[in-house]
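A short worksheet on the structure shown next.
Proteins come first, then strands; the chains are lettered A, B, ... in the order of their sequence lines, and each starts at number 1.
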Amino acid sequence: MKWTDHGSSIELYTPLAFNFAQCLVFLDRSNQETLHRINAGYLVKLLKFDEEVVFCQIASKQNSMHVNFPLTSPSAATRKKVAAYLWQWFDVERDLSSFYEMAHKDSILQPLGQKYYGLRIIGIPDLFEALVWAIIGQQINLTFAYTLKKRLVEHFGESLTFEGETYWLFPSCEKIATISVATLRDLQFTVRKCEYIIDIAKLMAGGALTTEKLLQKENDQDIKKALMSIRGVGAWTADYVMMKSLRCPTALPMADVGLHNALKIQLGLEHKPTIAEITQIATQWKGWQAYATFYLWRSLYD
DNA sequence: ATCCAGGAACTGT
DNA sequence: ACAGTTCATGGA
């Protein structure tokens, strides 16, 4: 991580193949998003580390992201954690040169690699948030998924209001571990999803499931198996979480409807491609399946 | 109305 | 292992 701690602000130095504006397009894809906000080109996000809430304004500069704390004065240790979070969130560490090399030779990715050059996979560093968001999104349209997430966040998350706008933190697993299925049902989650989410909250609150434990596995197959052993986590959710939270570059959520739609559009097909066709197409993406998927998702927001 | 949505568990073969 | 069914509700 390359950064400077200025005390009242911090600065993260981003590589050439990094485009903040492209990342903002993805971050701005829903007007129901409650976990960050975009105001006149800068990004606002609430974070919390060790009981310390941090209000961050993130602006893009020439070769850096500049982060201000207009409402709180985080400690030096917390400033470092903020830097690490943002570095993770935007996948800044990743060297994309071989991805673009591959994309250049792939007829589908070639135009996307050029158009969205510098776009990073916007992650979900918090494993609990990633799992819950994936489960919420199972088999419902994205608009409704955002509605459900908003309800969950606004019922069980912490918030902070600044200049008339309220900013939210995703609820902790400890908090969700204490609520009942009936309580979640009231927010119009299905009984199954209530059970999945509360069970996972308990697993994580108890320390049985952590990012560290998953990353200690021998290989990605073992990580996927461990995730899929959790009730409510199938292949799609496992790959989604590996892609967005565990940062596995080869994760490929094969059953993803967004991926199917993007491919249909990019290939000019009448119908969505079959799993067999996608498997065939994806052989080109070896090592970069997650980035290929993300660039295709991005193509849905032009 | 009708189809489908950033699927997964369950059931029967 | 594999295919069909159920869950369950809103968006377009």
### Task
Using atom CG of A:Asp239 as one end and atom P of B:dG6 as the other, report the distance to the nearest whole Å.
18 Å
### Message
Give me the atom names and distance for the closest heavy-atom approach of A:Ser8 to A:Phe69.
### Response
O-CD1, 3.4 Å
### Query
What distance, rounded to whole Å, do you find between the two P atoms, one in B:dA9 and one in C:dG10?
23 Å
### Query
Just how far, in rounded Å, is P of B:dG6 from CE of A:Met242?
23 Å
### Query
What is the distance from CG of A:Asp186 to P of C:dT9, rounded to the nearest Å?
12 Å
### Query
With a 3.5 Å cut-off and just heavy-atom distances, do the side chain of A:Arg151 and the base of C:dG10 make a donor-acceptor pair?
no
### Query
Cut-off 3.5 Å, side chains only: do A:Thr143 and A:Gln32 have a donor facing an acceptor?
no
### Message
For the C1' atoms, the ones on B:dC3 and on C:dA8, what distance do you get once it is rounded to whole angstrom?
### Response
15 Å
### Query
In terms of the nearest nucleotide of DNA chain C, which residue is placed more toward the 5' end: A:Arg192 or A:Phe144?
A:Arg192
## Note on the structure
For A:Phe55, the hydrophobic cluster (side chain heavy atoms closer than 4.5 Å, chained through members) also holds A:Tyr42, A:Val44, A:Leu46, A:Val53, A:Leu71, A:Leu160, A:Phe162, A:Tyr167, A:Leu169
#### Entry: Pairwise 5' ranking along DNA chain C for A:Thr190 and A:Thr147, keeping only the more 5' one
A:Thr190
### Task
Decide, yes or no, whether a salt bridge links A:Arg151 with A:Glu154 under the criterion of side-chain N to carboxylate O below 4.0 Å.
no
### Task
Using the P atom as the reference point in each nucleotide, state the distance between B:dG6 and C:dT6 in Å, no decimals.
23 Å
